[in-house]
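The analysis underlying the following values was restricted to heavy atoms, covering all of them including side chains, and did not include hydrogens, waters or symmetry mates.
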Amino acid sequence: MDDINVLHHRCLLNLRRRIRDIGDGRPAQERYMRLQKDGDTLSYQGNSEEVGCYVAGHPLSKGNCYFEVTIVDTGVRGTIAVGLVPKFYRLDHQPGWLPYSVAYHADNGKLYNGNPVGQQFGPKCARNDRIGCGIHSENIGAGLTTVFFTKNGKEVGSVEIPASAEGLFPAVGMHSMGEEVKVDLQAEWFLEEDDSMMMVDSHEDDWGRLYDVRVSGTLLEYVGKGKSIMDVGLAQARQPLTTRCHYYEVEIVDAGEKCYIALGLARRDYPRNRHPGWSRGSVAYHADDGKIFHGSGVGDAFGPRCFKGDLMGCGIMFPRDYILDGEGDVDDWDRLEVRPGHAGVQNILYLNDEEEEEEDGEEVEQGQEGRKVTVFFTRNGKLMGRREMGVPPGGLYPTVGMLSSGEKVKVDLHPLSG
């Protein structure tokens with residue numbers, strides 16, 4: 001009988017503690033399992049077979065109705081989930097798998113709404129993407145709560161779920177080695193009438209591929225680890241250079257630790273962890289040593305080194321009869337004009353003589369007789385050199401690489417327009 005009384009007493013104490021936590025506005029502390037927490041950074045510590053989950057200590061509310069998670073590393077599978085869960089959600093399940101929880105999953109872009117089977121919802125998310133989750137506060141007391149999700153500040157979609165008396169708590173789930181995120185529980189989200197947000201979204205659309213690079217208007221910032229040559233940050237434009245838009249420029253805003261900044265042109269499927277110029281189908285002018293790299297990890301002396309404030313340019317001189325993607329008119333590259341304040345145009349490149357790349361180069365150029373162009377580079381308005389190279393299928397895309405902490409550049413993809 002005494003044992004029963006002791007157990008009953010403990011249960012009453014636990015119940016009182018829970019009621020007190022809710023009643024005085026001081027929810028239970030944050031909870032997490034199979035994750036390591038260092039400040040606002042969460043990293044997966046499991047064996048890739050078991051889920052690791054984090055649940056914040058405070059629910060979303062009218063005064064704090066949104067949070068964001070930035071993907072630092074996708075790890076092996078990128079199985080990262082961001083959403084809302086009940087207060088005592090099980091930490092061995094991904095958010096969204098169990099009833100009364102909802103989550104947007106980065107690896108497949110699906111929405112999981114209280115069910116281990118997801119529905120197609122939005123785009124997949126990768127390294128440096130920001131996944132946001134919030135509630136529309138005007139619906140909190142209506143029995144249903146509208147939960148919305150964002151990617152990089154832009155709303156992806158929303159869903160209605162049953163309201164919870166205890167509230168809905170920010171949650172992050174991870175499920176494979178190497179996954180790491182940063183959580184911002186105080187983030188704010190504004191509708192698209194915010195001009196600065198619209199500007200960022202607009203310029204981000206100019207880029208087809210972004211790896212370890214953050215976009216803010218025309219500014220590109222390296223956000224990778226910068227510890228090895230595999231930590232390249234790559235930004236590749238959505239559109240290739242054409243006879244109508246044949247030149248672009250990069251201004252070095254911050255040289256960072258090493259000024260490992262490169263600009264050039266590359267094929268559309270260029271490897272994400274290779275600096276422009278290092279692999280076949282690419283050519284680039286490297287700021288740190290002034291060398292030109294053309295489909296090889298070994299560069300040739302080309303021009304002076306570049307520093308903070310320098311303006312580097314890259315373009316193509318198309319032959320007069322060159323037609324790309326159905327274009328009927330061709331620029332007169334003999335009379336190329338550079339407007340005041342912008343760099344001049346000309347250069348040296350491609351058809352690499354290095355034995356190790358010769359075979360690959362032949363594959364790229366195979367069947368492309370006559371599809372050769374002259375690529376040129378500039379520095380502060382002066383021509384550095386030019387080189388002939390074959391055009392890979394799909395064209396040559398403006399590509400910027402960075403590799404050391406603190407590097408920032410401003411990019412103008414259309415300096416000769418308007």
Side-chain angles (χ1 to χ4, degrees), residues 235-237 239-252 261-267 270 275-296 299-306 310-324 327 329-353 361 364-365 368 370-392 394-401 409-417:
Q236 188 172 67
Q239 300 296 332
L241 292 189
T242 66
T243 57
R244 289 194 182 96
C245 181
H246 58 269
Y247 177 71
Y248 79 103
E249 289 180 334
V250 168
E251 178 188 351
I252 300 176
I261 297 168
L263 93 158
L265 300 172
R267 67 182 193 265
Y270 192 76
H275 240 337
W278 284 358
S279 295
R280 63 182 178 85
S282 72
V283 63
Y285 179 19
H286 286 224
D288 62 308
D289 56 13
K291 290 184 178 181
I292 189 169
F293 289 76
H294 183 195
S296 170
D300 297 323
F302 185 68
R305 297 169 59 194
C306 300
D310 282 336
L311 195 66
M312 304 170 71
C314 178
I316 295 177
M317 293 180 178
F318 290 98
R320 293 178 185 273
D321 59 348
Y322 192 93
I323 295 178
L324 179 67
E327 287 186 319
D329 57 325
V330 182
D331 290 342
D332 184 355
W333 52 270
D334 274 339
R335 294 185 287 108
L336 182 62
E337 237 180 85
V338 179
R339 297 175 182 269
H342 295 292
V345 203
Q346 286 182 317
N347 188 309
I348 301 181
L349 239 67
Y350 216 61
L351 295 181
N352 190 32
D353 292 330
V364 173
E365 310 243 351
Q368 296 192 51
R371 289 179 60 84
K372 287 186 170 31
V373 296
T374 302
V375 179
F376 64 90
F377 292 92
T378 65
R379 178 178 180 271
N380 299 328
K382 293 182 179 179
L383 176 66
M384 292 295 103
R386 51 179 171 248
R387 186 172 293 179
E388 188 180 70
M389 70 178 291
V391 179
L396 289 165
Y397 291 73
T399 306
V400 178
V409 299
K410 279 187 178 179
V411 182
D412 188 349
L413 293 173
H414 311 286
L416 302 179
S417 64

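- Taking the side chain as every heavy atom from C-beta outward, Tyr270 and Ser279 approach each other to under 4.5 Å.
- Residues Leu241 and Pro398 meet the side-chain proximity criterion, which asks for heavy atoms closer than 4.5 Å.
- The heavy-atom pair separating Phe302 from Lys291 by the smallest distance is CB-C, 4.0 Å.
- Judged purely by atom type and a 3.5 angstrom limit, Gln236 uses its side chain to pair as donor or acceptor with the backbone of Arg267.
- A donor-acceptor pair is defined here as one N or O able to donate and one able to accept, closer than 3.5 Å; no such pair exists between the side chain of Tyr247 and the backbone of Met317.
- The structure places CD1 of Ile261 at 8.5 Å from NE2 of His275, a figure rounded to the nearest 0.5 Å.
- Rounding to the nearest 0.5 Å places CD1 of Ile252 at 13.5 Å from NZ of Lys410.
- In plain terms, the two heavy atoms of Met312 and Ala287 that are nearest each other are SD-CB, 4.0 Å.
- Contact annotation: the side chain of Arg379 approaches that of Pro304 to within less than 4.5 Å [non-hydrogen atoms, C-beta and beyond].
- Nearest heavy-atom pair, Ala262 versus Ala284, reported as atom, atom and distance to 0.1 Å: CB-CB, 4.4 Å.
- The shortest distance between side-chain heavy atoms of Leu413 and Cys245 does not fall below 4.5 Å.
- Considering CD1 of Ile316 and NE2 of His246, their distance stands at 9.5 Å, rounded to 0.5 Å.
- Under the 30°/60° scheme for interplanar angles, the aromatic rings of His286 and Phe293 are found to be tilted.
- Tyr285 and Cys306 get closest at one heavy-atom pair: OH-SG, 3.7 Å.
- Using modelled atom types, one side-chain atom of Arg305 and one backbone atom of Asp288 make a donor-acceptor pair closer than 3.5 Å.
- Side-chain contact check for Val373 versus Leu396: some heavy-atom pair is nearer than 4.5 Å.
- Scanning all heavy atoms of the two residues, the minimum distance from Val375 to Cys314 falls at CG1-SG, 4.1 Å.
- Considering OG1 of Thr378 and CG of Leu263, their distance stands at 8.0 Å, rounded to 0.5 Å.
- Asp300 contributes atom CG, which lies 7.5 Å from atom CD1 of Ile292 (distance to the nearest 0.5 angstrom).
- With values rounded to the nearest 0.5 angstrom, Ser296 atom OG is found 13.5 Å from Arg280 atom CZ.
- The minimum heavy-atom distance between Ala266 and Thr399, with the atom names listed, is CB-OG1, 3.5 Å.
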